[in-house]
Amino acid sequence: MKSLSCIAVLSLLALTLPLAIASDPSPLQDFCVGVNTPASGVFVNGKFCKDPRIVNADDFFSSVLNRPGNVNNAVGSNVTTVNVNNLGGLNTLGISLVRIDYAPNGQNPPHTHPRATEILIVQQGTLLVGFVSSNQDGNRLFAKTLNVGDVFVFPEGLIHFQFNLGRTPAVAIAALSSQNAGVITIANTVFGSNPAIDPNVLARAFQMDANVIRDLQNRF
C-alpha cells in the first residue's frame, strides 16, 4: 500500500511540477522598473531593474493615451500602446494597455497577440468585433456589435478584429495580460514578409491565382 501511495504522490508531482515551472516567476520585490542599461546588474523579464532607491512616481506614469492617434492610413485606425518598452514600471507585472482610434469605417484588421488575452471596452462609437476559434474548434466566428461601455474578450493567440460601424470616429481601450503582448497582423505577415513567401505557396494555400498573390504582395 505504501508503494502505491508513493507512486500516486510521484505521479501528482510529475503532473503539477511542469506547470509550476512553466509559469512566470513571481517578483521577489515590490517592483522592478525596467531599464535598458545594466546599472543595477539585475536582469528580469528581458529588462534590467532600475535601482529601487531612485525609482519615482514617473516610472509608473504615462499620458500617451490622452492623445488621439493618427488614423490617416490604409486601415483607418491607430493603436497607441503602453507596455514595458515605454513604461518601465510595467516590468514583471504581466499587463499592458492600448488605445485604439478608428476613423469612420476604419478597422483594426485581423491580428493575433501571441502572448496575451485582450479585454476591450468601447469609449466612443459603435464597433463590430470578433474572433475566430482554432481549426480544432471548426474556425467558428464569435462576433458582437459593441456600443459605449460594452466589453469584449479576445482569447490569447486567436485571430480577432474590430471595425467601426459608425459614421463618426470611435475609440476603444484594451488591456492585455502581458507586459509585452506582441502583435501579428495577418495580412502584413502573409503578404508582406521579408523576403516574400513564394507566390505559388500562397496561391495553393488560398486557392487563388499566383498573379493575384503577387499583386497582394506588392501592396504590402
Side-chain angles (χ1 to χ4, degrees), residues 22 24 34 36 45-47 64-65 68-87 90-91 94-120 127-143 152-165 170-220:
D24 290 336
N36 294 319
N45 282 17
K47 297 286 184 180
V64 300
L65 300 189
N70 182 4
V71 297
N72 186 23
N73 52 55
V75 295
S77 73
N78 186 282
V79 179
T80 305
T81 302
V82 177
N83 63 22
V84 71
N85 293 318
N86 57 11
L87 183 59
L90 286 172
N91 193 45
I95 194 170
S96 57
L97 202 64
V98 300
R99 168 182 173 146
I100 314 164
D101 290 276
Y102 313 83
N105 296 314
Q107 65 172 282
N108 190 10
H111 63 282
T112 72
H113 301 293
R115 296 181 291 276
T117 291
E118 174 181 347
I119 183 168
L120 177 143
L127 298 177
L128 171 66
V129 307
F131 68 86
V132 179
S133 66
S134 64
N135 294 5
Q136 288 82 356
D137 189 60
N139 302 123
R140 290 191 293 157
L141 172 64
F142 297 81
F152 199 80
V153 175
F154 306 103
E156 180 175 341
L158 297 185
I159 294 173
H160 58 283
F161 63 88
Q162 302 108 36
F163 178 76
N164 182 6
L165 292 172
V171 180
I173 299 293
L176 300 110
S177 61
S178 170
Q179 66 180 37
N180 189 10
V183 62
I184 301 170
T185 305
I186 306 306
N188 298 60
T189 302
V190 173
F191 300 112
S193 66
N194 184 22
I197 300 173
D198 187 323
N200 294 307
V201 173
L202 297 181
R204 185 70 178 270
F206 288 94
Q207 300 296 292
M208 298 170 67
D209 185 270
N211 289 323
V212 176
I213 296 295
R214 292 186 183 94
D215 179 60
L216 287 169
Q217 289 177 320
N218 289 333
R219 293 170 185 265
F220 290 91

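Both backbone and side-chain heavy atoms feed into the values below; hydrogens, waters and symmetry mates do not.
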Considering all heavy atoms of both residues, which atom of [X] and which atom of [Y] are nearest to each other, and what is their separation?
| X | Y | answer |
| --- | --- | --- |
| V79 | V98 | CG1-CB, 3.9 Å |
| E118 | A174 | OE2-CB, 3.3 Å |
| L127 | A172 | CD1-CB, 4.0 Å |
| N91 | G34 | CB-N, 3.6 Å |
| L65 | T80 | CD2-O, 3.6 Å |
| I159 | P110 | CG2-CB, 3.8 Å |

Q. Going through the checks in order, is the side chain to side chain donor-acceptor pair (under 3.5 Å) test met by N72 and N70?
A. CA-CA 6 Å; N72 186 23; N70 182 4; 5.0 Å; no
Do [X] and [Y] have side-chain heavy atoms sitting under 4.5 Å apart?
| X | Y | value |
| --- | --- | --- |
| H160 | P155 | no |
| L158 | V132 | no |
| N180 | R115 | yes |
| N218 | F191 | no |
| S178 | H113 | no |
| T112 | F154 | no |

Q: Taking side-chain contact (heavy atoms from CB on, under 4.5 Å) as the test, write out the residues that go with A103, two or more places apart.
A: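 Partners of A103 by the side-chain contact (heavy atoms from CB on, under 4.5 Å) criterion, ordered by chain and then number, come out as V71.
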Q | Inter-residue atom distance N164.CG - N105.CG, 0.5 Å rounding | A |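 N164 CG to N105 CG: 7.0 Å, rounded to 0.5 Å.
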